[in-house]
Amino acid sequence: AIDIGSSAAAHTLTIGSVTGAASLDLLAGTGNFTLEGKVATTYDISGTGVNTGTITIGGGTGAQTLAMMNVAGAKTVDLANGVDGNTVNIGNGDNTSGQTISIASGDGAANSIINIASGNPSLGTRTLNLGTGVATGGTQTINLGTGNSTKGINIGNTDIGTFIIMDSGGGDITMTATNTGSVGITADGSLLLDGSSKVQINSALGAIDIGNDAKTQPISIGNSASSR
């Protein structure tokens, strides 16, 4: 064994420099490589100066596993939390084999909150894109709350500037309430139902009520400007 600065004294060890073309290689064979400190030790990797070099971890071509903060203890992981317009890419390679990216998908036994673009911006434009790419092949499916368990799914809000657009190409838009559930559509303004083909209103078991609220507004079916 070769020990350097291993005595109990408070040593300061400096190896290498940042001058010119200086370089430093730390190598290990099958005996593994360990970097460890005391309980409150701080570790800096390229943590000073306005460095522009690339930091590569696990850049080899082997099937490696990168394990970060995945053992016991409540960890805090900060990634690109700076304020200078970071760009963060995760799983953006044009993969040629199957790829899986999971976020908070474990079988939790306690409360979990997953926030995505949930801040309160005061300037600029914030856009959240989900499945917006133009596919040239294969099949694309976007699932939202499809697991068969009790969920509350909220879309939109009552702010005066909020709008929701639902489009369908050659397929259908289907809204179904099973068991004793109902489908309610309410508008403070006008509610318009129009179709370029048939419009059907049917009931398998109950009555069909039109204008059954205790209101005094008239009900018009057809008009004098067209032949019906």
Side-chain angles (χ1 to χ4, degrees), residues 88-95 97-228:
V88 180
N89 298 312
I90 300 177
N92 277 355
D94 296 332
N95 57 299
S97 58
Q99 178 174 268
T100 300
I101 299 175
S102 300
I103 300 176
S105 58
D107 298 329
N111 295 338
S112 295
I113 298 176
I114 298 95
N115 295 319
I116 300 177
S118 58
N120 301 304
S122 58
L123 291 173
T125 300
R126 173 174 289 181
T127 302
L128 175 61
N129 295 319
L130 179 63
T132 57
V134 179
T136 58
T139 301
Q140 286 71 45
T141 301
I142 299 175
N143 296 317
L144 178 63
T146 55
N148 192 19
S149 61
T150 301
K151 299 180 178 68
I153 299 176
N154 299 314
I155 300 177
N157 60 70
T158 57
D159 183 86
I160 193 171
T162 299
F163 60 91
I164 297 175
I165 300 175
M166 299 175 62
D167 291 328
S168 177
D172 300 326
I173 296 178
T174 302
M175 301 174 63
T176 303
T178 59
N179 300 321
T180 58
S182 301
V183 176
I185 301 176
T186 304
D188 290 340
S190 299
L191 176 61
L192 307 176
L193 297 177
D194 197 355
S196 59
S197 185
K198 294 187 297 182
V199 176
Q200 297 183 353
I201 301 175
N202 296 295
S203 175
L205 298 175
I208 298 176
D209 297 326
I210 299 177
N212 62 326
D213 284 345
K215 305 295 182 181
T216 59
Q217 285 80 7
I219 297 175
S220 300
I221 299 177
N223 61 68
S224 59
S226 303
S227 300
R228 297 285 184 179

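Computed from a prediction, not measured in an experiment: that's the story for all the values here.
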Enquirer: Looking at I103, I'd like to know if its CD1 atom is crowded, meaning that more than 12 non-hydrogen atoms belonging to other residues, nucleotides or ligands lie closer than 6.0 Å.
Expert: no
Enquirer: Could you report the tightest heavy-atom contact between R126 and P121, atom names first, then the distance?
Expert: NH1-CD, 3.9 Å
Enquirer: Please give me the minimum heavy-atom distance between S102 and T100, naming the atom from each residue.
Expert: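 Shortest heavy-atom separation between S102 and T100 comes out as OG-CG2, 3.7 Å.
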Enquirer: Could you pull out the closest heavy-atom pair between I142 and G131, with the gap in Å?
Expert: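 Answer, listing the atom of I142 first, then G131: CD1-CA, 3.9 Å.
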Enquirer: Got a second to check how far I116's CD1 is from L128's CG, nearest 0.5 Å?
Expert: 7.0 Å
Enquirer: Rounded to the nearest 0.5 Å, how far apart are CD1 of I219 and CD1 of I210?
Expert: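 One finds 7.5 Å between CD1 of I219 and CD1 of I210.
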Enquirer: Determine whether more than 12 heavy atoms belonging to other residues, nucleotides or ligands lie under 6.0 Å from atom CG of L205.
Expert: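 Not more than 12 within 6.0 Å, no.
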Enquirer: Can you measure from CG (L144) to CG (L130) and round to the nearest 0.5 angstrom?
Expert: 8.5 Å
Enquirer: Tell me the closest heavy-atom pair linking N95 and G98, and the distance in Å.
Expert: ND2-C, 4.3 Å
Enquirer: Quick one: CD1 on I173 to CG on D167, what's the gap to the nearest 0.5 Å?
Expert: 7.0 Å
Enquirer: Is a side-chain donor or acceptor of D159 paired with a backbone partner of G161 at a separation under 3.5 angstrom?
Expert: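 Looks like yes, one N/O pair under 3.5 Å.
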Enquirer: Would you confirm whether N179, through its side chain, and G181, through its main-chain N or O, come within 3.5 Å as a donor-acceptor pair?
Expert: no
Enquirer: Just how far is it from atom NZ of K151 to atom OG1 of T146, taken to the nearest 0.5 Å?
Expert: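 K151 atom NZ to T146 atom OG1 measures 7.0 Å (nearest 0.5 Å).
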Enquirer: What heavy-atom pair brings A177 and V183 nearest, and what distance separates the two atoms?
Expert: CB-CG2, 3.8 Å
Enquirer: Which pair of heavy atoms, one from A104 and one from I114, lies closest together, and at what distance?
Expert: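 Heavy atoms of A104 and I114 come nearest at CB-CG1, 3.6 Å.
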Enquirer: With rounding to the nearest 0.5 angstrom, report the CD1 to CG distance, I155 to N157.
Expert: 12.0 Å
